[in-house]
Q: 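Quick one: the structure is below, questions incoming.
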Protein chains: 2
Amino acid sequence: MKIAEVSERYAISTDTLRYYERIGLIQAVKRNESGIRDYNELDLRRVEFIKCMRSAGLPVEVLIEYVGLVQRGDQTIEARKEILKEQRELLAARMKEMQKTLDLLDHKIDVYENAVLTKEKGTVQIE
Amino acid sequence: MKIAEVSERYAISTDTLRYYERIGLIQAVKRNESGIRDYNELDLRRVEFIKCMRSAGLPVEVLIEYVGLVQRGDQTIEARKEILKEQRELLAARMKEMQKTLDLLDHKIDVYENAVLTKEKGTVQIE
DNA sequence: GTATCACCTGGAGTTAGCTCCAAGTCAAGG
DNA sequence: CCTTGACTTGGAGCTAACTCCAGGTGATAC
């Protein structure tokens, strides 16, 4: 599969796909005789994984390290697991923060709804 | 309250507090006779609000717009509500993405745990 | 009275993560 | 054969959100 199709399928620009490969976030993709990338199934799974991790905000740097460990084989399994565990905790923490914000937004929206009603009858005062 | 104490209380650097004021994300804080900022209760609540929103990733630009509307008074209530609603939805969407990633991480970690056990007995193969 | 310290300002510098660009190659269509 | 269009590269440019810095002021401690 050529880069354009991969780009389309995962909604990642070709520039970004090439960039990811350049920085070692995606392992070097095999080329055909004329030097054009031809993504195979494994490449696609890797792209999807990276897309998923990036969409949640995991830093590129950490992912590069993880991908590097994957390439070094079995003896890095422990290290990889530790990275995933750490990132999992950081992610959970961020989500908790976001939940607080979501709650506050819901509360504020609610206050605004009432304010609009109240305003129709007279006084309001919101910050 | 002086900027250093505000910085300490909310874990926001004094540089960032001044920066927020410069760009209009926080309304101009009153100064004492010698030009030094003296945050009052309302200022603190505003700082806390901004901190909360920023911690969830709401863009500075959007927050500036919101804060600007607050300053313009009651006739902007509808507009403010719409901003909050939109940001609420975007936030919920991001959290959903993150939940997917969290699930995948949990699954991977689980696979790794098993791999470590299996490895002790012989074969492994994880990507 | 002078050293220290927290504060002030405007502007420059930094970081992460892309995103764009120029210049070049190659395969296919007319 | 020549154009078109998708691909290639290395490197420059961009955006958001800080973060740092130089140079200056004013209050307090010694």
Side-chain angles (χ1 to χ4, degrees), chain A residues 1-40 43-44 46-47 49-67 87 90-91 94 97-98 101, chain B residues 1-40 43 46-47 49-68 87 90-91 94 97-98 101:
Chain A
M1 188 180 293
K2 287 195 198 169
I3 199 164
E5 201 179 340
V6 179
S7 164
E8 169 111 345
R9 176 182 296 195
Y10 296 107
I12 302 174
S13 78
T14 58
D15 270 323
T16 299
L17 285 169
R18 280 188 285 254
Y19 166 70
Y20 282 172
E21 198 175 328
R22 251 198 271 187
I23 64 176
L25 184 49
I26 289 172
Q27 290 95 327
V29 173
K30 285 260 159 61
R31 313 303 183 90
N32 67 15
E33 327 71 46
S34 30
I36 288 173
R37 288 174 182 79
D38 183 18
Y39 291 77
N40 64 28
D43 294 325
L44 295 184
R46 285 164 170 174
V47 167
F49 174 67
I50 292 300
K51 185 194 166 148
C52 180
M53 295 301 122
R54 286 294 304 128
S55 79
L58 273 73
V60 161
E61 206 183 325
V62 170
L63 296 173
I64 290 174
E65 193 192 347
Y66 178 82
V67 167
Q87 294 303 314
L90 290 171
L91 178 54
R94 271 184 284 138
E97 276 293 303
M98 291 166 92
T101 305
Chain B
M1 188 179 295
K2 287 193 198 169
I3 199 166
E5 201 180 342
V6 179
S7 164
E8 169 112 346
R9 175 181 299 194
Y10 296 107
I12 301 175
S13 78
T14 57
D15 270 322
T16 298
L17 284 169
R18 281 188 284 254
Y19 165 69
Y20 281 171
E21 199 175 327
R22 249 197 274 187
I23 64 175
L25 184 49
I26 289 173
Q27 290 94 327
V29 174
K30 285 261 159 59
R31 315 301 184 91
N32 68 15
E33 327 72 46
S34 31
I36 288 173
R37 288 175 184 80
D38 184 18
Y39 291 76
N40 64 27
D43 294 325
R46 285 164 169 175
V47 167
F49 173 69
I50 293 300
K51 187 197 165 145
C52 181
M53 295 300 122
R54 285 294 306 129
S55 79
L58 273 71
V60 161
E61 206 184 324
V62 170
L63 296 174
I64 289 173
E65 194 193 346
Y66 178 82
V67 167
Q87 293 303 314
L90 291 171
L91 178 54
R94 269 184 284 136
E97 277 291 305
M98 291 166 93
T101 305

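Convention: sequence-line order gives letters A, B, ...; per-chain numbering from 1. Quantities reported herein were computed from a predicted structural model and do not represent experimental measurements.
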Q: To the closest 0.5 Å, what do you measure between CD (E33(A)) and CG (D38(A))?
A: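 Reported value, rounded in 0.5 Å steps: 9.0 Å.
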Q: Is there a side-chain contact between L58(A) and Y66(A), using heavy atoms and a 4.5 Å cut-off?
A: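 The answer is no, as the side chains (C-beta and beyond) never meet within the 4.5 Å cut-off.
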Q: Tell me the interatomic distance from Y19(B), atom OH, to dT14(C), atom P, rounded to whole angstroms.
A: 17 Å
Q: CD1 of I64(A) versus P of dA16(C): gap in Å, rounded?
A: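 So the CD1-P distance, I64(A) to dA16(C), works out to 11 Å.
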Q: Return the set of residues passing salt bridge (Lys or Arg N to Asp or Glu O under 4.0 Å) with R37(A) (not counting sequence neighbours), or none when no residue passes.
A: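 With sequence neighbours excluded, R37(A) shows a salt bridge (Lys or Arg N to Asp or Glu O under 4.0 Å) to E21(A), given in chain and number order.
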Q: Using 0.5 Å steps for rounding, measure from the CD1 atom of I26(B) to the CG atom of D43(B).
A: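 Result: 8.0 Å between the selected atoms.
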Q: Hey, what bend do you get for the helix from dG1(C)-dC30(D) to dG30(C)-dC1(D) if you fit axes on five pairs at each end, rounded to 10°?
A: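 Inter-axis angle at the termini of the helix from dG1(C)-dC30(D) to dG30(C)-dC1(D): 10°.
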Q: Please determine whether a side-chain nitrogen or oxygen atom of Y20(A) lies at a distance below 4.0 Å from atom OP1 or OP2 of dC18(C).
A: yes
Q: Using side-chain heavy atoms (C-beta onward) and a distance below 4.5 Å, is I64(A) in contact with E61(A)?
A: no
Q: Nearest-Å distance, CE (M1(A)) to P (dA6(D))?
A: 17 Å
Q: Check the distance between dT8(D)'s P and K30(A)'s NZ and give it to me in whole angstrom.
A: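 These atoms are roughly 16 Å apart.
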Q: First locate atom CZ of F49(B), then atom OG1 of T101(A), and finally report the distance between them rounded to the nearest 0.5 Å.
A: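 So the gap between those two atoms works out to 9.5 Å.
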Q: Using atom CG of N32(A) as one end and atom P of dT25(C) as the other, report the distance to the nearest whole Å.
A: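 These atoms are roughly 17 Å apart.
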Q: Whole angstroms only, please: what is the CD1-P distance between I23(A) and dT15(C)?
A: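 Spelled out: CD1 on I23(A) to P on dT15(C) is 16 Å.
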Q: Measure the shortest side-chain to side-chain distance between I50(B) and V67(B) over non-hydrogen atoms and say whether it is less than 4.5 angstrom.
A: yes
Q: Could you list all N or O pairs between the protein and nucleotides 2-11 of chain C that sit under 3.5 Å apart?
A:
residue, atom, partner, partner atom, Å
dC7(C), OP1, A4(B), N, 3.4
dC8(C), OP1, R37(B), N, 2.9
dC8(C), OP1, R37(B), NH1, 2.8
dC8(C), OP2, R18(B), NH1, 2.4
dC8(C), OP2, R37(B), NH1, 3.3
dC8(C), O5', R37(B), NH1, 3.4
dC8(C), O3', R31(B), NH1, 3.4
dT9(C), OP1, R31(B), NH1, 3.3
dT9(C), OP1, R31(B), NH2, 2.9
dT9(C), OP2, R37(B), NH1, 3.2
dT9(C), OP2, R37(B), NH2, 2.8
dG11(C), N7, R22(B), NH1, 3.0
dG11(C), O6, R22(B), NH2, 3.0

Q: Starting from P on dG17(C), measure out to CD on E21(A) and report it in whole angstrom.
A: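 Atom-to-atom, E21(A) to dG17(C), this comes out as 19 Å.
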Q: Starting at CZ of R54(A) and ending at P of dC18(C), how long is that distance when rounded to a whole Å?
A: 4 Å
Q: Under 4.0 Å from OP1 or OP2 of dT19(D): is there any side-chain N or O of T16(B) that close?
A: yes
Q: Considering only heavy atoms from C-beta outward, does the side chain of Y10(A) approach that of L44(A) to under 4.5 Å?
A: yes
Q: To the nearest 0.5 Å, tell me how far Y20(B) OH sits from K51(B) NZ.
A: 9.5 Å
